[in-house]
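Have a look at the structure below before the remarks.
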Amino acid sequence: MVTNTISVSETPQVLYALRRADDALILGHRLSECCGHAPTLEEDMALANIGLDLIGQARALYALAALREPSLEGGRANTEDTYAYLRDVGQYRNLLLCELPNGDFGRIIMRQFLYSAFIDPYWRAMMKSSDVQLAAIAEKAEKETAYHLRYTSEWVIRLGDGTPKSHDRMQAALEFLWSYTGEMFDTDEAEAMLQAEGMIIDASAIHDGWRTTVQTILDRATLTLPQSAWMQKGGRSGRHSEHLGFLLAEMQQLPRSEPGAVW
Amino acid sequence: MVTNTISVSETPQVLYALRRADDALILGHRLSECCGHAPTLEEDMALANIGLDLIGQARALYALAALREPSLEGGRANTEDTYAYLRDVGQYRNLLLCELPNGDFGRIIMRQFLYSAFIDPYWRAMMKSSDVQLAAIAEKAEKETAYHLRYTSEWVIRLGDGTPKSHDRMQAALEFLWSYTGEMFDTDEAEAMLQAEGMIIDASAIHDGWRTTVQTILDRATLTLPQSAWMQKGGRSGRHSEHLGFLLAEMQQLPRSEPGAVW
Amino acid sequence: AEKMANFQTRIDSEDRIEANDWMPEAYRRTLVRQISQHAHSEIIGQLPEGAWITRAPSLRRKAALLAKVQDECGHGLYLYAAAETLNASREALMDQLMEGKAKYSSIFNYPTMTWADIGAIGWLVDGAAIMNQIPLCRCSYGPYARAMIRVCKEESFHQRQGFEIMMTLAKGSARQKAMAQDALNRWWWPSLMMFGPPDTDSQHSDQSTRWKIKRFSNDELRQKFVDATVPQAQFLGLTLPDPDLRQDEVTGNWMYGEIDWEEFKQVIAGNGPCNQDRLASRRKAHEEGAWVREAAAAYAARQASRHAA
Amino acid sequence: AEKMANFQTRIDSEDRIEANDWMPEAYRRTLVRQISQHAHSEIIGQLPEGAWITRAPSLRRKAALLAKVQDECGHGLYLYAAAETLNASREALMDQLMEGKAKYSSIFNYPTMTWADIGAIGWLVDGAAIMNQIPLCRCSYGPYARAMIRVCKEESFHQRQGFEIMMTLAKGSARQKAMAQDALNRWWWPSLMMFGPPDTDSQHSDQSTRWKIKRFSNDELRQKFVDATVPQAQFLGLTLPDPDLRQDEVTGNWMYGEIDWEEFKQVIAGNGPCNQDRLASRRKAHEEGAWVREAAAAYAARQASRHAA
């Protein structure tokens with residue numbers, strides 16, 4: 001039977017790969033939404049570039065998930081495209097941060113900065129994974145995310161310390177996004193198992209370094225770290241905002257309009 | 001086989017009903033997008049009301065199309081929902097005017113005004129259709145569209161003759177929409193056949209009255225009729241703007257994600 | 001003091017207080033707070049369901065949902081009008097909402113993730129709202145009581161629609177059934193929280209009860225709701241996400257597990273999943289509509305002066 | 001006059017003119033007009049394809065399309081840079097675009113209705129562009145010629161991608177094949193119009209040919225394109241929407257039916273299906289980005305003065 005929604009056997013390894021893949025895909029998708037609409041041609045290219053890097057990372061991670069997923073009934077296996085196009089919103093495992101609507105360029109930059117300041121050291125640490133495939137993905141990704149972090153840091157500083165208007169917009173972006181940053185550092189039992197095997201690192205170990213990076217850049221940007229300590233979560237277990245459903249409706253429309261077709 | 005895209009046997013009667021139904025559905029859908037986001041609670045209710053009327057008209061017209069459509073292979077028949085949810089963008093027959101994005105409240109009002117000033121006399125004339133079912137649909141619809149015309153006329157005047165800012169916005173809305181009004185009056189061979197039978201009226205016969213209504217209201221609104229005589233077309237034959245595809249992706253997502261399911 | 005005694009006598013004899021009657025300032029304040037919170041809840045409550053109007057899976061559902069969300073707007077209007085009889089202007093009340101100073105029902109700070117959520121909201125959230133509101137139809141303040149009669153009538157219609165959506169899903173494909181169960185899992189506990197904190201913690205209640213604004217305690221209403229809902233869930237073939245749920249042999253009441261009041265507190269404090277989105281949406285609509293309201297006012301003023309001249 | 005003669009001698013001997021060389025004002029003007037129109041076409045050309053990035057039906061297609069649209073932006077950048085060597089600022093040129101005073105390729109005023117349009121654009125529109133642009137790699141003005149070499153290389157890659165999308169659809173389901181045919185029907189004639197008016201009507205051409213900015217006439221290039229494309233369509237099993245199409249027995253050229261030049265004129269005049277949308281999108285991006293550009297300028301100025309101090 002041609003199916004239009006897949007089920008996924010979420011072993012810890014598969015779940016891990018899907019979470020990271022979904023982060024990259026959804027954030028990459030959000031960036032791709034701006035293509036042709038950025039404030040300058042240079043920034044249009046840069047955002048597309050980051051988007052492309054993220055979509056590439058997502059593909060590598062989905063491929064890994066497919067490889068590690070126990071085979072389905074009838075020997076069928078999932079693929080990068082079944083994961084991306086045939087899962088419902090509740091099956092997505094990305095951070096809430098990644099699915100938030102773009103808003104203005106300032107919010108796009110701030111979201112990317114907050115994420116890159118986490119994911120770049122994360123992938124750097126993951127280069128030592130006992131899993132050679134993950135280590136290879138990490139090595140490639142880290143080169144890319146190092147650039148994302150540099151690029152967004154520069155813009156956070158430039159806009160934070162630009163005009164009063166740009167300063168206010170960046171501060172507002174930061175306040176809007178802040179409560180979504182905590183989820184990056186969460187781990188759960190599934191991940192703990194993989195940590196114990198040395199396959200993955202503990203994301204919470206990145207927190208202090210992240211905080212230092214963020215504080216340093218915000219200081220140079222004359223922006224103030226929000227006080228609020230309350231952090232949102234839910235994305236990792238499939239509890240998403242209302243925004244993701246709209247994104248998926250658009251993204252998945254074509255493959256789901258014709259089950260089994262090749263595009 | 002469960003299908004996810006229908007084919008339609010577009011006899012002149014079916015095509016006629018689908019065109020009018022698609023106008024009503026797509027415009028009603030656009031209005032439904034504003035629900036909860038209008039400038040005042042009263043306007044929120046009014047726009048929802050108009051949207052509901054239009055969706056109701058669409059349903060009656062789809063039901064008529066289903067009744068008139070020669071039955072499909074295996075005796076399956078289309079329904080209001082297969083027409084709405086399982087046709088691709090090129091199968092939609094609505095006016096381009098109806099699919100244009102909402103923009104601000106001024107543009108929503110102006111679009112609705114330009115359409116209502118056509119469709120209200122149109123339905124009034126259609127009440128004399130030799131087709132009793134069409135005549136009945138027309139009678140019910142006309143009562144509704146008379147209100148839509150009154151409501152939007154009042155707002156066109158209020159905003160056109162409100163503040164300098166609102167005047168400029170309304171004039172801009174008018175200029176933006178103007179070239180999409182010509183398509184309302186187009187007829188083709190398929191419709192000519194039905195006209196000959198007295199089933200439908202000639203839409204072009206409405207033009208002069210429409211123009212007078214529009215001119216009268218615009219005068220009171222201190223707005224200026226655009227000079228440009230060039231008119232867009234394409235919707236009636238399935239050549240749509242880029243906007244309709246996004247609308248359908250969102251609208252059709254759920255039914256197309258599970259062929260054959262009942263909701 | 002005499003006025004006060006008279007007032008309480010009228011209340012005690014189930015007289016309706018009307019807008020022009022004398023009333024204690026605290027009574028007025030309590031009502032304005034409660035009515036405006038209720039009005040805000042209707043307006044904010046348009047948003048989670050409104051998110052699915054454009055994605056409703058049939059034209060019948062689309063029309064019903066649009067009509068429902070429109071009704072909520074209408075309820076907001078009646079309720080603001082009731083508050084206005086107490087000299088609280090709609091504009092000032094809405095400003096408080098947008099500034100984040102006014103409360104609204106915490107339930108609307110949860111997202112509608114799937115279509116099944118529309119069913120769950122109709123069934124559970126409207127169900128809980130009705131349970132809360134039916135006694136308010138006999139509230140001592142006339143304009144509020146009359147508004148509630150109208151609201152309750154419409155809401156019981158909405159509740160039936162929601163239940164019917166759940167039923168369709170529960171009897172549908174495996175995916176649809178899972179969708180219904182998932183929605184129930186996510187909306188059940190927040191629905192129980194809609195009745196407010198447990199009686200042991202509840203403020204305002206005593207005075208409100210004496211004034212016959214409130215006729216049942218939070219826990220009493222919550223229990224009624226659970227007792228009404230458990231059999232409905234059984235009928236749907238869905239499982240309530242509460243391992244401690246069991247029927248009391250003596251009273252026949254359904255005893256439920258512990259409610260996560262910390263979550264409730266956080267949502268009230270602005271930390272629910274959607275508080276930020278909800279206020280942002282409301283503010284955006286308000287700001288984007290400013291030119292319209294200004295133009296309408298300018299036009300009306302000019303018309304008035306023309307007529308005067 | 002001597003300068004002019006020298007200049008023409010250099011041109012005739014296939015010398016490259018560089019930015020700092022003397023050149024006739026009309027040569028400069030012609031180049032600025034042509035290069036900037038070309039740059040605008042790349043930037044506006046991002047929009048119709050950009051509309052499908054979020055709906056591309058596989059991750060591979062999504063990445064390829066995003067990369068392609070990004071390349072177009074890059075082409076715009078090289079070309080504006082080439083125009084800047086002729087003392088035309090990018091900002092001023094883009095202002096002309098947004099004010100509707102500058103032209104861009106009329107093809108981008110047609111909408112991308114379905115995914116097959118992405119295939120058709122790659123195959124036909126990029127194919128036509130390459131046909132137009134390959135001779136420009138030998139244009140007498142060095143910076144333009146060098147920009148075109150880079151552009152052509154990337155575009156032939158895009159063209160292959162587009163053809164591959166069409167092939168996948170043409171070999172796919174009945175619906176996919178119909179989608180491909182429909183896209184071909186809609187894009188074929190506008191692609192032929194991309195080569196500009198027939199030679200009998202074309203302005204500027206003579207002088208441009210003498211200056212070796214233009215090396216082939218519109219009709220010559222159009223014929224080359226048709227001859228290259230007909231066999232590709234046959235290979236795909238798709239039908240070109242031209243009942244008059246037939247191969248000339250003597251020359252082997254494919255003779256095509258009459259082009260609707262009235263449509264072309266209307267699209268150029270601003271009446272294409274998407275002219276209004278395209279300019280509105282560009283203006284919106286520009287306006288919404290104003291605060292960013294201002295902030296970046298303010299920051300840079302402050303940094304510069306800090307360094308100076």
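Here is the naming used below: chain letters follow the sequence lines, and residue numbers restart at 1 for every chain.
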Check the surroundings of atom CD in D/E258: do more than 12 heavy atoms from other residues, nucleotides or ligands lie under 6.0 Å from it?
no
Might you confirm whether atom CE of D/M98 has over 12 heavy atoms from other residues, nucleotides or ligands at distances under 6.0 Å?
yes
Does a sphere of radius 6.0 Å around CZ in B/F185 hold more than 12 heavy atoms from other residues, nucleotides or ligands, not counting ones at 6.0 Å or beyond?
yes
At a 4.5 Å cut-off on heavy atoms, which part of D/D277 comes close to chain B: side chain, backbone, both, or neither?
side chain
Where is the tightest heavy-atom contact between B/E242 and D/L47, given as atom of each residue plus distance?
OE1-O, 4.5 Å
Part of D/D182 within contact of chain B (heavy atom distance under 4.5 Å)
neither
Quick check: closest heavy atoms across D/Q276 and B/F176, and the distance to 0.1 Å?
NE2-O, 2.9 Å
Does any backbone or side-chain atom of D/R186 lie under 4.5 Å from a heavy atom of chain B? Answer side chain, backbone, both or neither.
both
So which heavy atom on D/N271 is nearest to which on B/Q232, and how close?
O-NE2, 3.3 Å
Supply the atom-to-atom distance B/D88 CG to D/M179 CE, rounded to the nearest 0.5 angstrom.
5.0 Å
For the CD atom on D/E99, are there more than 12 heavy atoms of other groups (residues, nucleotides or ligands in this structure) within a distance under 6.0 Å?
yes
I'd like to verify something: which residue of B/F246, B/W230, B/Y180 has the highest number of heavy-atom pairs under 4.5 Å with chain D?
B/W230
Any cation-pi pair here, B/R239 with D/Y110, using under 6.0 Å and within 45°?
no
Measuring heavy-atom distances to chain B, does D/T114 have an atom under 4.5 Å in its side chain, in its backbone, in both, or in neither?
side chain
Does some side-chain heavy atom of B/H240 sit less than 4.5 Å from a side-chain heavy atom of D/P111?
no
Begin from the C-alpha positions of B/L244 and D/M113 and carry the test side chain to side chain contact (heavy atoms under 4.5 Å, CB included) through to its verdict.
CA-CA 8 Å; B/L244 184 59; D/M113 260 178 62; over 6 Å; no
Heavy-atom contact with chain D under 4.5 Å, split by part of B/S179
neither
